Amino acid sequence: MGQRILVTGGAGFLGSHLCEELHDRGHDIWCLDNLETGTEDNIEHLKRFARFRFVRGDVRDPFPDMAFDRIYNLACPASPRHYQADPIGTMKTSVFGAINALELARKTGARVLQTSTSEIYGDPEVHPQPEEYVGAVNCTGIRACYDEGKRAAETLFFDYHREHGVGIRVARLFNSYGTRMQAGDGRVIPNFIDQALRGEPITIYGDGSQTRSFCYVTDTVEGLIRLMEADDSCIGPVNIGNPIEFTISELAALVIERTGSSSPVIRRPLPQDDPKLRRPDIRMARALLGWEPVVGLEEGLDRVIAVAREMLDDGDRSERA
Ligand code: UDP
């Protein structure tokens, strides 16, 4: 039997891949999105299906009064460029979005999953980061609207679970990437690929020694669904990420190699509070969900590069026409 599933932020990069996978598995999907950073292009191919519905709405407003079996709460701008453009709005999205999702779950008995983030570890003093690490976030810095919003959302999830017995799951995602990230998204992988394909300088912020661990979107989606369907002894928080770590300089070199670009590398100032190291400890996901990533960075980059190249060629063609 298919489940009735609400995906908030379902027209975003990650949300649209999740909607697609859940739909493919036979479920009924309601995709809620305010289209602030998501786009209808991401879900255009799903709109023709009867089991997929798009609802334009904002998670800061109370949710439609409907019963679901599952709620995946993804809605929130995730790129520093986007979440810092309206920091108060970002914090409200995490906090009010969590409350609205949890209230609906409390009233209707839905199970609800929060997509939290490695950002809750801040600029970590423990490396790699296990789930029990409580983090080091600068609560007055420019990233705090996202980090502290996501931390508050985790708190709300656990309090609704303890106070009201709501069935919760909390996933902490580490730098997901894949197709459907916008070229102007501002995050490092779409930036580098767009710059490399256009022959423009690759912009490394700082000295490039900071690290990230990049998880391909299909792996992230599989981790989220496994956590949602795990038994009640596994509510999280669980790290979902790829444990293979790269410096940003290594990433730049890899993008140049895989695109065959002759772009030069240039340096730009490191943004405030940019975490120096980030790598998930995924022992919990391996043990409890039987999950680990299967797509390596080279393979994932090749998939994204192929689509980005096609879109750039299409754009060039329509400009010439
Ligand atoms: N970064 C970079 N050049 C860019 C975009 C980002 O060097 O054009 C760096 C950024 O400073 C950070 C890392 O890449 O150290 C990852 O940045 P992103 O915005 O993708 O994600 P987050 O910082 O939230 O992990």
Side-chain angles (χ1 to χ4, degrees), residues 13 77-85 87 90 117-130 133-148 150 172-178 181-216 239 241-282 293 296-302 304-305 308:
F13 143 67
S79 164
R81 173 183 292 175
H82 290 146
Y83 70 64
Q84 288 164 12
T90 297
T117 166
S118 55
E119 284 284 325
I120 67 106
Y121 300 121
D123 191 4
E125 295 130 335
V126 172
H127 192 68
Q129 294 80 53
Y133 177 49
V134 294
V137 172
N138 170 10
C139 69
T140 59
I142 57 171
R143 297 177 83 98
C145 59
Y146 185 73
D147 303 3
E148 297 289 10
K150 290 282 190 177
R172 291 181 179 156
L173 308 184
F174 284 65
N175 292 80
S176 287
Y177 73 102
M181 290 175 106
Q182 309 291 313
D185 175 283
R187 277 175 283 188
V188 67
I189 287 187
N191 265 17
F192 283 3
I193 290 178
D194 192 55
Q195 292 161 344
L197 291 178
R198 291 176 189 275
E200 291 169 1
I202 308 266
T203 53
I204 291 187
Y205 301 163
D207 65 6
S209 64
Q210 71 271 35
T211 68
R212 294 293 186 274
S213 306
F214 300 100
C215 191
Y216 194 68
N239 289 339
N242 192 314
I244 303 174
E245 182 183 9
F246 292 84
T247 66
I248 294 305
S249 295
E250 287 168 340
L251 175 71
L254 197 56
V255 169
I256 289 171
E257 182 204 308
R258 306 310 287 187
T259 51
S261 173
S262 49
S263 286
V265 168
I266 58 168
R267 304 243 186 264
R268 290 278 176 264
L270 188 68
Q272 187 198 328
D273 292 336
D274 200 278
K276 286 180 269 310
L277 300 172
R278 182 180 293 155
R279 176 182 167 202
D281 179 333
I282 61 162
L297 185 58
E298 292 191 359
E299 188 186 343
L301 286 178
D302 286 350
V304 182
I305 289 165

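What you see is a predicted model, and the numbers here were worked out from it, not measured in a lab.
- The side chain to side chain contact (heavy atoms under 4.5 Å, CB included) test applied to I256 returns I202, V265, not counting sequence neighbours.
- Identified under the salt bridge (charged side-chain N to carboxylate O under 4.0 Å, His left out) test for residues 244-254, with sequence neighbours left out: none.
- You'll find the side chain of N239 reaches within 4.5 Å of the side chain of Y121, heavy atoms only.
- The nearest pair of heavy atoms linking H82 to P77 is CB-CB, 3.9 Å.
- Between N191 and A183, the shortest heavy-atom contact is OD1-O, 4.0 Å.
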### Query
Q129 and H127: side chain to side chain donor-acceptor pair (under 3.5 Å), yes or no, with the steps?
CA-CA 5 Å; Q129 294 80 53; H127 192 68; 3.1 Å; yes

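- The two residues P293 and G241 come nearest to each other via the heavy atoms CG-O, 3.4 Å.
- Taking the side chain as every heavy atom from C-beta outward, D123 and L277 never approach each other to under 4.5 Å.
- For S261, the side-chain hydrogen bond (donor to acceptor under 3.5 Å, both in side chains) partners at least two apart in sequence or on another chain are S263.
- Looking at residues two or more places apart in sequence or on another chain, you find no ring-ring contact (aromatic ring centres under 6.0 Å, His included) involving F214.
- Taking R267 as the reference, nothing meets the salt bridge (charged side-chain N to carboxylate O under 4.0 Å, His left out) condition, with sequence neighbours excluded.
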### Task
Output, in order, the C-alpha distance, side-chain angles, deciding distance and verdict of side chain to side chain contact (heavy atoms under 4.5 Å, CB included) for T211 and R279.
CA-CA 8 Å; T211 68; R279 176 182 167 202; 5.7 Å; no

Residues 136-146, side-chain donor-acceptor partners within the protein, below 3.5 Å, at least two apart:
residue, atom, partner, partner atom, Å
N138, OD1, T140, N, 3.1
N138, OD1, T140, OG1, 3.2
N138, OD1, G141, N, 3.4
N138, ND2, D273, OD2, 3.0
R143, NE, E119, OE1, 3.2
R143, NH2, E119, OE2, 2.6

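- The closest donor-acceptor contact from the side chain of S249 to the backbone of G208 lies under 3.5 Å.
- Smallest separation of non-hydrogen atoms from R278 and S213: O-OG, 2.8 Å.
- Annotation: side chain of L297 is in contact with side chain of F246 (closest heavy-atom distance under 4.5 Å).
- The salt bridge (charged side-chain N to carboxylate O under 4.0 Å, His left out) test applied to E200 returns no partner, not counting sequence neighbours.
- Under the side chain to side chain contact (heavy atoms under 4.5 Å, CB included) criterion, V126 pairs with P130, Y133, sequence neighbours left out.
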### Task
Could you walk me through whether L254 and E298 pass side chain to side chain contact (heavy atoms under 4.5 Å, CB included), step by step?
CA-CA 8 Å; L254 197 56; E298 292 191 359; 3.8 Å; yes

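- Annotation: side chain to side chain contact (heavy atoms under 4.5 Å, CB included) contacts of P264 (sequence neighbours excluded): P201.
- When all heavy atoms of F174 and C215 are compared, the pair lying nearest together is O-CB, 3.8 Å.
- Minimum heavy-atom separation, F192 to V255: O-CG1, 3.7 Å.
- Using a 4.5 Å cut-off on side-chain heavy atoms (C-beta onward), Q210 and T247 make no contact.
- By the side-chain hydrogen bond (donor to acceptor under 3.5 Å, both in side chains) test, T90 pairs with no residue at all, sequence neighbours left out.
- Listed by chain and residue number, D185 satisfy the salt bridge (charged side-chain N to carboxylate O under 4.0 Å, His left out) test with R187 (two or more places apart in sequence, or in another chain).
- With sequence neighbours left out, E148 forms a salt bridge (charged side-chain N to carboxylate O under 4.0 Å, His left out) with R151.
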